[in-house]
> 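Once you've had a glance at the structure underneath, I'll fire off some questions.
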Protein chains: 2
Amino acid sequence: MRYPWWQHRLYKAGYRLTNPRQVVINILKNTDKHLSAEDIYVDSLKINSSIGLTTVYRTLDLFQQIGIVQKFDFGEGKARYELIKNPIKKEHHHHIICVKCKEIVDYTDFLNEELELINKTEKALSEKYQFKILHHTVHFYGMCSKCQAT
Amino acid sequence: MRYPWWQHRLYKAGYRLTNPRQVVINILKNTDKHLSAEDIYVDSLKINSSIGLTTVYRTLDLFQQIGIVQKFDFGEGKARYELIKNPIKKEHHHHIICVKCKEIVDYTDFLNEELELINKTEKALSEKYQFKILHHTVHFYGMCSKCQAT
DNA sequence: ATTGACAATGAAAATCATTATCAATAATAG
DNA sequence: CTATTATTGATAATGATTTTCATTGTCAAT
């Protein structure tokens, strides 16, 4: 394929390639953090100072719908976004979230053991419920050591 | 124990038993839906017309922190709440969410197969990352059949 | 039963992430 | 290169959640 995978997805779904979309992709590609729309907007201004926050929101929403980006809600009152990682690759991870201070810990333990189950589940669910599944999340919620002390 | 489990948790964590808290618990106990704060507020008015929306929010947040209630963010722009279900019991379930129309499907398939892995993971994570884990979520995101057609 | 300390409440205003509106601009087809 | 649309950006609007603060309720100790 002559285009990057995400560009393929854009075209295949009938959307155009624009500068704001490239900028957002690049920002996400170059971080391993979970960025909020605001974070991405601020970063995007460094590259193209005319990009609007609205466009960032629209772009992230679009990317999420065509399966380029994963949207996370950790209960902070705002969403965070990440490029979808291949579950087979190392970058794939899950999260532990403190219900009090909202600290987020990424973990990669047991992902191999989980992979088979997830694949099996994903396959069965997409047939049974007629969903085209794009990605999944596993979140453990609890209280971090600091907040337990309080 | 002479008190219901949730009441124990309240007292153990140093909180008082109040009418609004009882009302919120009762509403959650008598539904299998994922209610929003507003939903719960509306229902609570039928029981005690002087309860405020603010208190509902505060109560849900408190319950979430002491492990009575599970807070869900399905990406609708508002949170939903549910009493924590015992993973061993039948009521425990996970979710499939349409990234476009936000339809939420509960599923209980493969939960038995999952149980062992979840328990093992939960134990290991709580030791490794020093979290007191209260509950977990598994979400599959995709596009429902209706939205695929559009 | 009464009281005092302080947790909890409710009303209203404030905050803040996200979305709608709409005229201007840019990307692709032909 | 031009026409046709998708896309954009500025702004205003929305709506869920939080803050503030004066009032009230809970519970342990009288």
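Each chain gets a letter, A, B and so on, in the order its sequence line appears, and its residues count up from 1.
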> Counting only side-chain nitrogens and oxygens, does B/Tyr11 get under 4.0 Å of the OP1 or OP2 atom of D/dC27?
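Checking D/dC27 against B/Tyr11, a side-chain N or O does come within under 4.0 Å of OP1 or OP2.
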> Got a donor-acceptor pair under 3.5 Å from the side chain of A/Thr54 to the base of D/dT11?
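Result: at least one qualifying N/O pair found.
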> By nearest atom, which of the nucleotides D/dG9, C/dA17, D/dT7 is closest to the A/Lys78 side chain?
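Of all the options, the side chain of A/Lys78 is nearest to C/dA17.
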> How many whole angstroms separate atom CZ of A/Arg58 from atom C1' of D/dT8?
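Rounded to whole Å, this separation is 6 Å.
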> For A/Ser36, which contact category applies under a 4.0 Å heavy-atom criterion: base, sugar-phosphate, or nothing?
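Nothing: the residue A/Ser36, judged by heavy atoms under 4.0 Å, touches no strand.
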> With a 4.0 Å cutoff (strictly under), does any side-chain N or O of B/Arg21 reach OP1 or OP2 of C/dT9?
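It does, given that an N or O in the side chain of B/Arg21 lies less than 4.0 Å from OP1 or OP2 of C/dT9.
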> If I take atom NZ in residue A/Lys71 and atom P in nucleotide C/dA17, what distance separates them, rounded to the nearest angstrom?
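Going from A/Lys71 (NZ) to C/dA17 (P), I get 14 Å.
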> I want to verify a distance call: between C/dT28, C/dT9, C/dT18, whose nearest atom is closest to the A/Leu17 side chain?
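From the listed options, C/dT28 comes nearest.
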> Take B/Val56 and B/Gly75, find for each the nucleotide of DNA chain C with the closest heavy atom, and name the residue whose nucleotide sits nearer the 5' end.
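This one resolves to B/Val56.
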> Ignoring backbone atoms, test whether B/Thr55 places a side-chain nitrogen or oxygen under 4.0 Å from the OP1 or OP2 oxygen of C/dG10.
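Yes, because at least one side-chain N or O of B/Thr55 sits under 4.0 Å from OP1 or OP2 of C/dG10.
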> I'd like to know if B/Asp61 and B/Arg58 make a salt bridge, using a cut-off of under 4.0 Å between side-chain N and carboxylate O.
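Between B/Arg58 and B/Asp61 there is no salt bridge, as every charged N stays at least 4.0 Å from the carboxylate O atoms.
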> May I ask you to evaluate whether B/Thr18 reaches the phosphate of C/dA7, defined as a side-chain N or O under 4.0 Å from OP1 or OP2?
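Result: no.
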> Roughly, in whole Å, what's the span from CG in B/Asp39 to P in D/dT17?
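Rounding to the nearest Å, CG of B/Asp39 and P of D/dT17 are 11 Å apart.
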> I'd like to know whether the aromatic ring centres of B/Phe140 and A/Phe131 sit less than 6.0 Å apart in this structure.
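For B/Phe140 and A/Phe131, the ring centres are not under 6.0 Å apart.
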> Find which nucleotide of DNA chain D each of B/Asn19 and B/Tyr81 is nearest to by heavy atoms, and output the residue with the more 5' nucleotide.
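Its nearest nucleotide being more 5', the pick is B/Tyr81.
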> Considering only D/dT17, C/dA8, D/dA6, which nucleotide approaches the side chain of A/Arg16 most closely?
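Between D/dT17, C/dA8, D/dA6, the one nearest the side chain of A/Arg16 would be D/dA6.
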> A/Phe74 CZ to C/dA17 P: how many Å, rounded?
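Checked: the CZ to P distance equals 16 Å.
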> To the nearest Å, how far apart are A/Leu53 CG and C/dT18 P?
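In whole Å, C/dT18 P and A/Leu53 CG are 9 Å from each other.
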> Roughly how many Å is it from CD1 in A/Ile51 to C1' in D/dT11, rounded to a whole number?
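It works out to 18 Å between those atoms.
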> Calculate the interatomic distance between B/Glu76 atom CD and C/dT19 atom C1'; express it in whole Å.
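Those two atoms, CD and C1', are 15 Å apart.
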> How many Å lie between NZ on B/Lys102 and P on C/dT19, as a whole number?
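The distance from NZ of B/Lys102 to P of C/dT19 comes to 7 Å, rounded to the nearest Å.
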> Restricting to non-hydrogen atoms, name the atom on A/Ile51 and the atom on A/Pro20 that form the minimum distance, rounded to 0.1 Å.
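It is CD1-CA, 3.9 Å.
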> Any side-chain N or O of B/Tyr57 under 4.0 Å from OP1/OP2 of D/dT17?
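The answer is yes; a side-chain N or O of B/Tyr57 sits under 4.0 Å from OP1 or OP2.
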> By nearest heavy atom, map A/Asp61 and B/Ser49 onto DNA chain C; which one lands nearer the 5' end?
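Whichever sits nearer the 5' end wins; that is B/Ser49.
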> Considering non-hydrogen atoms only, spot the tightest contact between A/Glu114 and A/Val138 and give its length.
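That closest heavy-atom pairing would be OE1-CG2, 4.1 Å.
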> For the residue pair B/Phe74 and B/His139, is the inter-centroid distance of their aromatic rings smaller than 6.0 Å?
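Centroid separation for B/Phe74 and B/His139: below 6.0 Å.
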> Would you say the ring centers of A/His135 and A/His92 fall short of 6.0 Å from each other?
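Not under 6.0 Å, so no.
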